[in-house]
Amino acid sequence: MAPTKAPDSSRRSDRSRRAIHDAALALVTEVGYRRTTIEGIAARAGVGKQTIYRWWPSKAAVLMDAFLDLAGRSPEGAGSGGEAQSDEAAQGIPDTGDLVADLKLVLRATVDELNDPVLEAPTRALTAEGIVDAKLGAAFVHKLLDPQLALYVTRLRAAQEAGDVRADVDPRIALELLIGPLMHRWLLRTLPLTHAYADEIVEYAVGGLAPRP
């Protein structure tokens, strides 16, 4: 008789983690961050509370890991950084020599991500909760936003070296001219978030950043 193969504990753990991630994201989408609980996540995932507490210290930690995992699974990497960067993000913003075209490409992809129903609800929930929960907000910025923003800084500095952006421009402030309007429209739902809008943001911003005659 062939020996019985021992269960693969690592595979079982991976399945449990994925179930917990999916349950956390589903609940925060359905009932919001405040009404999402460890108990609810455990019940939805079909695991015990002790399993969750063995891996994460808090609900916020579960949700942050769940979102990073979701970002890693999405085709665009959810536009985020950290452990969940997509291949494109890991390589940085394209540098074709045409700053306007490169930035339009990236902002259009960001529009698609923000409009993706799978990503939109948990992104809104974590963004909103991060405003009132300073610790969660800091983790959101550190793990998700800062790595992405660093890519803009790198691309804008390359544009400065190429003479396409004024030497006195602070890239960290300049990138906010691109990201700020996009997030404002998305968060407040003032008007539709479209590729055309992303293109106009780039045109306006780069026009102001270009060297003066």
Side-chain angles (χ1 to χ4, degrees), residues 60 64 67-68 71-72 74 76-116 119-120 122-188 190-191 193-213:
M64 186 61 62
F67 192 84
L68 288 168
S74 71
E76 297 84 7
S80 65
E83 301 88 339
Q85 288 188 72
S86 65
D87 291 340
E88 180 179 345
Q91 296 170 5
I93 293 175
D95 187 350
T96 66
D98 186 335
L99 179 62
V100 169
D102 294 343
L103 291 176
K104 283 182 178 179
L105 178 68
V106 173
L107 257 64
R108 282 183 171 218
T110 302
V111 165
D112 291 340
E113 292 157 8
L114 293 173
N115 286 332
D116 183 342
L119 298 169
E120 182 179 13
T123 304
R124 283 189 182 279
L126 284 169
T127 302
E129 189 60 26
I131 295 172
V132 296
D133 183 335
K135 187 174 181 180
L136 179 64
F140 192 81
V141 170
H142 174 68
K143 293 185 177 182
L144 290 166
L145 295 184
D146 279 347
Q148 180 189 17
L149 298 182
L151 302 178
Y152 281 88
V153 169
T154 298
R155 181 65 185 88
L156 289 168
R157 282 180 176 155
Q160 283 180 314
E161 294 173 1
D164 297 326
V165 170
R166 297 198 317 270
D168 64 325
V169 166
D170 182 336
R172 186 58 179 76
I173 295 175
L175 71 86
E176 293 177 355
L177 300 177
L178 301 161
I179 301 299
L182 210 65
M183 296 305 296
H184 177 273
R185 180 173 286 202
W186 177 74
L187 280 171
L188 301 182
T190 53
L191 288 168
L193 194 62
T194 64
H195 285 180
Y197 178 62
D199 289 350
E200 291 217 32
I201 290 174
V202 173
E203 294 283 355
Y204 290 0
V206 174
L209 300 174
R212 299 186 179 98

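The figures that follow rest on heavy atoms only: side chains count, while hydrogens, waters and symmetry mates do not.
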*asked:* Applying salt bridge (Lys or Arg N to Asp or Glu O under 4.0 Å), can you list everything that pairs with Glu120, at least two apart in sequence or on another chain?
replied: Arg124
_Close side-chain approach of Leu177 and Leu209, heavy atoms under 4.5 Å_ = yes
*asked:* Taking atom NE2 as the centre, does His195 end up with more than 12 heavy-atom neighbours from other residues, nucleotides or ligands that are less than 6.0 angstrom away?
replied: yes
*asked:* Testing the basics here: between Pro211 and Gly163, what is the closest heavy-atom pair and its distance to 0.1 Å?
replied: CG-O, 3.2 Å
*Mind checking whether Thr123 and Phe67 have side chains closer than 4.5 Å, heavy atoms only?*
yes
*asked:* To the closest 0.5 Å, what do you measure between CG (Leu136) and CE (Met64)?
replied: 4.5 Å
_Those residues that, when tested against Asp146, pass side chain to side chain donor-acceptor pair (under 3.5 Å) (two or more places apart)_ = none
*Mind checking whether Tyr152 and Leu103 have side chains closer than 4.5 Å, heavy atoms only?*
yes
*Going by heavy atoms in the side chains, are Trp186 and Val111 under 4.5 Å from each other?*
no
*Out of curiosity, Leu156 CG to Ile173 CD1, how far, rounded to the nearest 0.5 Å?*
12.0 Å
*asked:* Checking the side chain of Asp102 only, and the main-chain atoms of Thr96 only, is there a donor and an acceptor separated by less than 3.5 Å?
replied: yes
*Within-4.5 Å side-chain heavy-atom neighbours: Leu182 and Leu193*: yes
*Examine distances only and state if a side-chain atom of Glu113 and a backbone atom of Leu119 form a donor-acceptor pair shorter than 3.5 Å.*
no
*What is the minimum heavy-atom distance between Gln160 and Ala167, and which atoms define it?*
NE2-O, 3.5 Å
_Minimum-distance pair of heavy atoms, taken over all atoms of Arg155 and Asp98_ = NH2-C, 4.0 Å
*Heavy-atom side-chain contact between Thr154 and Pro171 under 4.5 Å*: no
*Calculate, to the nearest 0.5 Å, the distance between atoms NE2 and CG belonging to His142 and Leu144 respectively.*
10.0 Å
*How long is the span from the OG1 atom in Thr110 to the CG atom in Leu105, to the nearest 0.5 Å?*
9.5 Å
_Could you report the tightest heavy-atom contact between Leu191 and Arg185, atom names first, then the distance?_
O-CG, 3.0 Å
*May I have all residue pairs that pass salt bridge (charged side-chain N to carboxylate O under 4.0 Å, His left out) and include part of residues 171-184, sequence neighbours excluded?*
Arg172-Glu176
_Distance-minimising heavy-atom pair for Gly97 and Asp164_ = O-OD2, 4.1 Å
